[in-house]
Protein chains: 2
Amino acid sequence: MVQYNETRLDASFAALSDATRRGVLEQLSRADASITDLAGKFHMTLTGMKKHVGVLERAALVTTEKAGRVRTCRLGMRALEEEAAWIERHRQLWSARFDALDKIVEHLKSKEKADARRKRR
Amino acid sequence: MVQYNETRLDASFAALSDATRRGVLEQLSRADASITDLAGKFHMTLTGMKKHVGVLERAALVTTEKAGRVRTCRLGMRALEEEAAWIERHRQLWSARFDALDKIVEHLKSKEKADARRKRR
DNA sequence: GTTATACTGAACCATGTGGTTCAGTATATA
DNA sequence: TATATACTGAACCACATGGTTCAGTATAAC
C-alpha cells in the first residue's frame, strides 16, 4: 500500500499553487540563482522573494545555502516525486471509475437494443 | 510548446493542498456522494463540507448536481490531467539538471584520476 | 399539515498569504 | 575606512482559508 506524507503533500501542493513560485522552480531548473536574481526576474522586492523561497524550502522543493552575503537557491533533490505519485494514483482511480461508467452505459445501450428487438416481434 | 492555464493550476494545486479535500476526491473515486455523506465521513458540519466541495468545484475537480433536496457530488471529467502534465514536465527538467550535474562530477572525477596518474609518473 | 431532512447563506474567528516599507546586519569593494 | 551590496526581520495591509454557529428555505415523509 502506498503511504503518503500528508503534511508534506499539503506543503508542496500549497507551494505549487502560486504562479510566481512555479516560475521560480522553472527558473531554478535552468540554473541556480540568488534571491536578488529571482527578485529581479519576477519584479518583486527582495523581502517578497525571500518569503516565496521560504515557502518552497519548507516544502523541500528548494534548498538554499548562504556563502558570504549571497544566498544561493537550487532545486531540492527528489522533488516532486511524492506529488507525482499521488496524482498518478488518483488519475488511475479516476479512469477506472470512468471505465466502469462506460461499461454501464454500454450495458444499458445493449439492453435497450434488445428491448427494442423484443418489442418489434 | 505546452501551454498551461495558470489560474486553473493555481486553483487546483490549492485545492489539493488540503488533506480533507484529497480525502474527498479519494472517496468520490469510489462512489458519488451527497454533502451529508461526506460531512459525516470527515466529521465536519455540512457547511464546512459545502465549502470544501465549493473549492474542488471551482478547481473543476468535482461537479455537483442538485436533485430534490440532495446535492450529489462526483468527480469532474478530465480532472488532474493538466496538473499531471505540469508535474511531469518539471520532473523531466529536474532530472535533466541532475544528469548534467552527474556528468560534471564524472568529468571532475576522471580528471582527478588523470592528475593522480600524472603525479605518480 | 406537521415534522424531519438536506442544504444554504451570512457572520464570525483565528490564522495564513502575498505583498509592501523601513530599519537593520554582514560582507565586499574602492 | 567609507560605501555599496545582499540579505534579514519586524510590522503592516487587505484578503483568503478552514472551520464554526445560527437562522433560514425547500423538499420529503408521516
Side-chain angles (χ1 to χ4, degrees), chain A residues 4-28 31-74 83, chain B residues 4-28 31-74 83:
Chain A
Y4 301 105
N5 176 344
E6 291 287 332
T7 46
R8 182 165 133 64
L9 280 181
D10 279 13
S12 49
F13 281 133
L16 292 177
S17 74
D18 180 274
T20 300
R21 266 167 340 233
R22 288 196 302 275
V24 167
L25 289 180
E26 188 130 13
Q27 195 56 46
L28 292 183
D32 296 350
S34 69
I35 304 279
T36 302
D37 292 343
L38 295 171
K41 219 153 278 193
F42 292 90
H43 313 98
M44 193 174 295
T45 58
L46 280 183
T47 314
M49 182 49 72
K50 177 85 187 317
K51 281 196 184 181
H52 279 304
V53 169
V55 172
L56 290 166
E57 218 175 345
R58 257 169 273 133
L61 295 171
V62 157
T63 64
T64 74
E65 198 182 351
K66 195 161 180 177
R69 37 178 194 178
V70 29
R71 176 174 299 277
T72 302
C73 310
R74 48 178 62 86
E83 297 73 15
Chain B
Y4 301 105
N5 177 343
E6 291 287 332
T7 46
R8 183 164 133 64
L9 280 181
D10 279 12
S12 48
F13 281 132
L16 293 176
S17 75
D18 180 274
T20 300
R21 269 173 330 239
R22 288 195 303 273
V24 167
L25 289 180
E26 188 131 12
Q27 195 55 46
L28 292 182
D32 296 351
S34 69
I35 304 280
T36 302
D37 292 343
L38 295 172
K41 218 153 280 195
F42 292 90
H43 314 98
M44 193 174 296
T45 57
L46 281 183
T47 315
M49 183 50 73
K50 178 84 189 316
K51 280 194 184 181
H52 279 305
V53 170
V55 173
L56 290 166
E57 218 176 345
R58 256 168 274 132
L61 295 171
V62 157
T63 65
T64 75
E65 197 183 352
K66 194 161 183 177
R69 32 175 199 179
V70 28
R71 175 174 299 278
T72 302
C73 310
R74 46 178 62 88
E83 297 72 15

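Chain identifiers are assigned alphabetically (A, B, ...) following the order of the sequence lines, protein sequences preceding nucleic acid strands; residue numbering begins at 1 within each chain.
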Asks: I need the CD1-P distance between A:Ile35 and C:dA26, as an integer number of Å.
Replies: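 Distance check: A:Ile35 CD1 to C:dA26 P gives 18 Å.
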Asks: Counting distance only, does the side-chain N/O of A:Arg74 pair as donor-acceptor with the main-chain N or O of A:Asp32 below 3.5 Å?
Replies: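 A pair under 3.5 Å: no.
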Asks: For the residue pair B:Thr20 and B:Met49, what are the closest heavy atoms and their distance?
Replies: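 Looking at all heavy atoms of both residues, the shortest contact is CG2-CE, 4.4 Å.
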Asks: Identify whether any heavy atom of B:Gly48 sits under 4.0 Å from a base atom; if not, whether one sits that close to sugar-phosphate; answer base, sugar-phosphate or nothing.
Replies: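 Since a base atom lies under 4.0 Å of B:Gly48, the category is base.
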Asks: Figure out the CG/C1' separation between A:Leu56 and C:dG18, and round it to whole Å.
Replies: 13 Å
Asks: Could you tell me the separation between the CZ atom of A:Phe42 and the C1' atom of C:dT20, rounded to a whole number of Å?
Replies: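 So the two atoms are 19 Å apart, to the nearest Å.
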Asks: Is B:Lys50 close enough to C:dA6 that one of its side-chain N or O atoms is under 4.0 Å from OP1 or OP2 there?
Replies: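 For C:dA6, neither OP1 nor OP2 has a side-chain N or O of B:Lys50 closer than 4.0 Å.
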Asks: Between B:Glu65 (CD) and C:dA6 (P), how many Å, whole number?
Replies: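 The answer, rounded to whole Å, is 18 Å.
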Asks: Can you see which heavy atom on B:Arg22 is nearest to which on B:Ser17, and at what distance?
Replies: NH1-C, 3.7 Å
Asks: Select base, sugar-phosphate, or nothing to describe what B:Leu46 touches, counting heavy atoms under 4.0 Å on all strands.
Replies: base
Asks: Pick the nucleotide of DNA chain C nearest each of A:Met49 and A:Gly68; which residue has the one closer to the 5' end?
Replies: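 That would be A:Met49.
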Asks: Please report, rounded to the nearest Å, how far the P atom of C:dG16 is from the CZ atom of A:Phe13.
Replies: 21 Å
Asks: By the 4.0 Å heavy-atom rule, please label A:Thr47 as base, sugar-phosphate, or nothing.
Replies: base
Asks: A:Thr64 and A:Glu57: side-chain hydrogen bond (donor to acceptor under 3.5 Å, both in side chains), yes or no, with the steps?
Replies: CA-CA 8 Å; A:Thr64 74; A:Glu57 218 175 345; 3.0 Å; yes
Asks: Look at the side-chain N and O atoms of B:Arg21 and state whether any lies under 4.0 Å from the OP1 or OP2 oxygen of D:dG18.
Replies: yes
Asks: For D:dT20, does OP1 or OP2 lie under 4.0 Å from any side-chain N or O of B:Thr45?
Replies: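 So the side chain of B:Thr45 is within the cut-off, an N or O lying under 4.0 Å from OP1 or OP2 of D:dT20.
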Asks: Strictly below 4.0 Å: does B:His52 bring a side-chain N or O up to OP1 or OP2 of D:dT17?
Replies: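 For B:His52, the contact criterion (side-chain N or O under 4.0 Å from OP1 or OP2 of D:dT17) is not met.
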Asks: Which whole-number value in Å describes the distance from B:Arg58 CZ to D:dA16 C1'?
Replies: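 Distance check: B:Arg58 CZ to D:dA16 C1' gives 10 Å.
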Asks: Nearest whole angstrom, please: distance from the C1' of C:dT27 to the CZ of A:Arg69.
Replies: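 After rounding, the gap between these two atoms is 6 Å.
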Asks: Is the shortest side-chain N/O distance from B:Lys66 to OP1 or OP2 of C:dT8 below 4.0 Å?
Replies: yes
Asks: Please state how far atom CG in A:Asp18 lies from atom P in C:dG18, giving the value in whole angstrom units.
Replies: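 Taking CG of A:Asp18 and P of C:dG18, I get 5 Å after rounding.
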Asks: Of B:Ser34 and B:Lys51, whose nearest nucleotide on DNA chain C comes first from the 5' end?
Replies: B:Ser34
Asks: Hey, does A:Leu28 have a side-chain heavy atom less than 4.5 Å from the side chain of A:Leu56?
Replies: no
Asks: Among C:dA10, D:dG19, D:dT8, which is the nearest nucleotide to the side chain of A:Arg71?
Replies: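 In terms of side-chain proximity for A:Arg71, the closest of C:dA10, D:dG19, D:dT8 is D:dT8.
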